[in-house]
Amino acid sequence: MPSFFIDVDIAKAKTIDTDFYTQQKFYDEAKEKIFASSWQFIGDAGKTKNVGDAYPFLLLENYLNEPLLLTKDKQNEIHCLSNVCTHRGNLVVYEPCKLNQLKCRYHGRLFSLDGKFISMPEFKEVENFPSKDDDLHQLPLFNWGELLFTSLNTKHKSEIFFQEMMQRMEWFPVNELQLKPELSKDYYVDANWALYCENYLEGFHIPFVHAGLNQVLDFGEYTTEIFRYSNLQLGIGKKGDVCFDLPSSSPDYGKEVAAYYFWVFSEYDVQFLSMGIICKCCRAA
Ligand code: FES
């Protein structure tokens with residue numbers, strides 16, 4: 001991928017070259033160079049609530065499409081595994097279910113819930129078998145409270161990327177977060193992913209596009225803080241509107257904070273997680 005120059009001085013920076021948004025080769029290259037090497041949100045711990053739960057999914061469906069599997073083993077530990085059998089590449093689990101072991105339906109290879117190879121019919125005479133390569137590939141799993149993240153190919157520890165967000169929100173009961181499907185909405189955005197990132201990362205459009213949000217946020221007090229691997233947009237509520245009841249240990253104590261919008265990225269913008277409580281147009285968890 002060629003380098004697209006962005007001036008670090010915001011007063012001089014311009015939109016990335018049009019080719020980045022329109023050419024298929026850049027879209028494809030971004031899979032490996034940006035998305036595979038970053039931490040991605042993959043759901044909440046409720047997907048594997050009980051011992052034996054197995055939850056198959058595609059990582060970034062319709063883009064990376066990597067078949068992965070969440071399992072909970074007998075020690076109550078959650079694992080993120082490749083859902084591709086180490087024999088001939090068949091999918092191991094097809095739908096969410098409860099299992100004692102993982103059994104590939106193609107030739108019967110058996111794995112434990114943590115992905116370790118157990119047995120394989122008709123393979124008694126095979127030399128140097130089994131080896132570590134016969135285990136299902138285990139991916140790193142990072143959990144912030146109930147929220148789970150993984151990465152196909154990261155070179156960096158998750159704690160480095162998430163540390164500013166975790167420190168800033170230390171007071172927040174992230175373990176108590178619950179998904180309320182009746183309050184959730186999915187939007188299909190027919191645009192290059194980078195355009196969506198750019199939209200998220202600037203607040204100038206709020207007065208023009210989000211009338212409801214603009215009513216409750218004090219746009220003049222909206223701030224952006226930039227960290228090494230993340231940034232924070234802080235929404236201050238208008239007088240008397242709903243805001244967080246912050247403890248004195250919070251660095252924001254004394255402010256009428258109505259929304260925290262964090263964006264976590266690697267060397268390139270890739271993964272975001274937002275959290276807030278009042279955004280009516282762009283509802284956040
Ligand atoms: S592909 Fe899984 S056992 Fe053969």
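Remember, it's 1-based here, ligands and their atoms both numbered in the order they're listed.
In this structure, NZ in Lys31 is found 14.5 Å from OG in Ser37, a value given to the nearest 0.5 Å.
Between Lys116 and Asp134 no salt bridge is recorded (no basic side-chain N to carboxylate O distance below 4.0 Å).
In this structure, the ring pair (Phe, Tyr, Trp, His ring centres under 6.0 Å) partners of Phe129, at least two apart in sequence or on a different chain, are Phe117, Phe123. Partners of Gln24 according to the side-chain hydrogen bond (donor to acceptor under 3.5 Å, both in side chains) rule, which considers only residues two or more places apart in sequence or in another chain, are Asp28.
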Do any side-chain atoms of residues 15-23 form donor-acceptor pairs under 3.5 angstrom with protein atoms, and if so which ones, sequence neighbours left out?
unit_1: Asp17; atom_1: OD1; unit_2: Asp19; atom_2: N; d: 2.9
unit_1: Asp19; atom_1: OD1; unit_2: Gln23; atom_2: NE2; d: 3.3
unit_1: Tyr21; atom_1: OH; unit_2: Glu198; atom_2: OE1; d: 3.3
unit_1: Tyr21; atom_1: OH; unit_2: Glu198; atom_2: OE2; d: 2.5
unit_1: Thr22; atom_1: OG1; unit_2: Thr18; atom_2: O; d: 3.2

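Around atom 4 (Fe) of ligand 1, the protein N, O or S atoms found under 2.8 Å comprise His87 ND1, His107 ND1.
Between the side chains of Gln40 and Ser38, a donor-acceptor pair is found at a separation under 3.5 Å.
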